[in-house]
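Just so it is clear, the model here is predicted, and its values are computed rather than measured.
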Amino acid sequence: MKAVVITTPGGPEVLQLQEVEDPELKDNEVLIKVEATALNRADILQRKGMYPPPPGSSPYLGLECSGTIEAVGKQVSRWQVGDKVCALLSGGGYAEKVAVPAGQVLLAPPGVSLQDAASFPEVSCTVWSTVFMMSRLSAGETFLVHGGSSGIGTFAIQIAKYWGAKVFVTAGSKEKLAFCKNLGADVCINYKTEDFVARVKEETGGKGVDVILDIIGAEYFRRNLDSLSFDGRLFVIGTMGGAVTEIDLRVVLSKRLTIQAAGLRYRSPENKAAVVREVENNVWPAIVAGKVKPVVYKYFPLSEAAEAHRLMESSKHIGKILLLP
């Protein structure tokens, strides 16, 4: 098969489409002929040599895909050859075929093209596991997502609105904020021209928001704590603005705050399967009902993976960027 290979750690130019061995299929896995895969920020870190795949995982990039099942392992009963699916991967999506544990596979949602279904597994599993399973966002609460126009952000806006939350977002341009508003965001804040803490306080009558999903990390840490209400929950899923910060525990104590952080990639297959089942039960009905839609900015052929990475690093996109074998 063909796959995008990182020839050496570095810039986008190190990505090359090469002929490689087909994946080996384990007894608990299915083999997917890839229809599409989506870019994630983690792919850029891996390309630079800063985010190695978990032991035993595919060395190739790509944390999600959609496609058609070509083969099933001996222990797999739910899936059959020919099923149209999408899947959460530990790696290997930037290829014509990928092997994935059967528990990380979802039926492609009806009403969404098989290509666009590739935009859902990583964002839905990330947002559902952090914002809902762990931070327990519920109807009537307030929710702030940083990077509202990102793949994570555009999904988080829609699913949080579906579950009855009031949604605040930050983004860096009028165009991005208008897009977020159109998706259902209630309060849109330009982080380049406004102080998001002041705006959050103003919009909540000084109370603050209940839950924050943050991709920035250190740069926003103290301001996030200031933006939370009593019993507020901060969930950090990225460190684009640095990884090391100081914390005033008095703020955490006085407001009874919860601070959590997690990624998906290094979780056990059992843990990922549990998240995937939760997503199937709680998110898929919203997608099938048309209440949560794929947001795809651009499609590239697999051979132009370097160009796709340049676009993601420019931050000019809104939503997801897909690669098509």
Side-chain angles (χ1 to χ4, degrees), residues 1-6 17-40 42-43 46 51-110 112-126 128-129 133 262-281 283-284 287 302 305 322-325:
M1 69 170 185
K2 286 189 171 68
V4 174
V5 174
I6 302 170
L17 192 62
Q18 296 182 2
E19 199 71 36
V20 299
E21 292 290 319
D22 280 2
E24 281 184 29
L25 186 66
K26 298 183 182 133
D27 288 348
N28 67 335
E29 292 181 334
V30 300
L31 184 68
I32 298 174
K33 181 179 187 294
V34 176
E35 180 83 11
T37 187
L39 270 68
N40 288 281
D43 301 345
Q46 185 175 337
Y51 193 49
S57 299
S58 169
Y60 310 121
L61 296 168
L63 298 178
E64 56 193 331
C65 76
S66 61
T68 307
I69 293 181
E70 271 201 348
V72 297
K74 293 174 190 168
Q75 295 170 8
V76 177
S77 57
R78 178 176 178 185
W79 304 108
Q80 298 176 342
V81 172
D83 284 346
K84 307 292 185 191
V85 297
C86 55
L88 181 70
L89 312 173
S90 298
Y94 287 29
E96 292 178 325
K97 298 176 187 178
V98 65
V100 56
Q104 290 164 223
V105 177
L106 289 147
L107 202 60
V112 175
S113 73
L114 189 55
Q115 275 186 3
D116 286 357
S119 68
F120 280 127
E122 177 75 14
V123 293
S124 59
C125 289
T126 296
W128 190 261
S129 64
M133 291 172 72
L264 269 178
R265 194 177 195 185
Y266 295 113
R267 297 183 186 213
S268 68
E270 294 77 18
N271 190 295
K272 287 180 186 171
V275 172
V276 166
R277 295 288 75 80
E278 281 264 341
V279 164
E280 184 175 40
N281 293 332
V283 175
W284 248 230
I287 296 171
L302 208 49
L322 300 191
L323 291 175
L324 312 176

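By the ring pair (Phe, Tyr, Trp, His ring centres under 6.0 Å) test, Trp128 pairs with Phe132, Trp163, sequence neighbours left out. Partners of Tyr266 under the side chain to side chain contact (heavy atoms under 4.5 Å, CB included) rule, at least two apart in sequence or in another chain, are Tyr51, Pro52, Pro54. Checked against side chain to side chain contact (heavy atoms under 4.5 Å, CB included), Val4 has the following partners two or more places apart in sequence or in another chain: Leu15, Leu17, Tyr94, Leu302, Ala305. In this structure, the side chain to side chain contact (heavy atoms under 4.5 Å, CB included) partners of Asp27, at least two apart in sequence or on a different chain, are Lys74, Gln75. In this structure, the side chain to side chain contact (heavy atoms under 4.5 Å, CB included) partners of Pro269, at least two apart in sequence or on a different chain, are Gln104.
In this structure, Glu64 contributes its side chain and Glu122 its backbone to a donor-acceptor pair below 3.5 Å. Checking side-chain atoms of Trp79 against main-chain N and O of Val72 turns up no donor-acceptor pair under 3.5 Å. Side-chain atoms of Ser66 do not come within 3.5 Å of backbone N or O of Glu35 as any donor-acceptor pair. Of the possible polar contacts, none joining the Glu29 side chain to the Gly73 backbone as a donor-acceptor pair under 3.5 Å is found. Looking at Asn28, its side chain never comes within 3.5 Å of a backbone N or O of Pro101 through a donor-acceptor pair. Formation of a donor-acceptor pair under 3.5 Å by the Arg277 side chain with backbone atoms of Gly103 is found in this model.
Side-chain contact between Arg265 and Pro53 is present, with at least one heavy-atom pair separated by less than 4.5 Å. Proximity of Met1 to Pro23: side-chain heavy atoms (C-beta onward) are separated by under 4.5 Å at one or more points. Considering only heavy atoms from C-beta on, Trp284 comes within 4.5 Å of Ser124 through its side chain. Side-chain contact check for Phe120 versus Leu106: every heavy-atom pair is 4.5 Å or farther apart. The shortest side-chain heavy-atom distance between Asn40 and Leu61 does not fall under the 4.5 Å cut-off.
Of all non-hydrogen atoms in Val34 and Cys65, the two that sit nearest each other are CG1-CB, 4.3 Å.
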From CA spacing to verdict: side-chain contact (heavy atoms from CB on, under 4.5 Å), Arg78, Val105: CA-CA 10 Å; Arg78 178 176 178 185; Val105 177; over 6 Å; no
Pair Ser58-Val98, side-chain contact (heavy atoms from CB on, under 4.5 Å): steps then yes or no: CA-CA 8 Å; Ser58 169; Val98 65; 5.6 Å; no
Return a table of donor-acceptor pairs under 3.5 angstrom between the side chains of residues 82-90 and protein atoms on other chains or two or more places apart.
residue, atom, partner, partner atom, Å
Asp83, OD2, Gln80, N, 2.8
Lys84, NZ, Thr68, OG1, 3.1
Ser90, OG, Lys272, NZ, 2.7

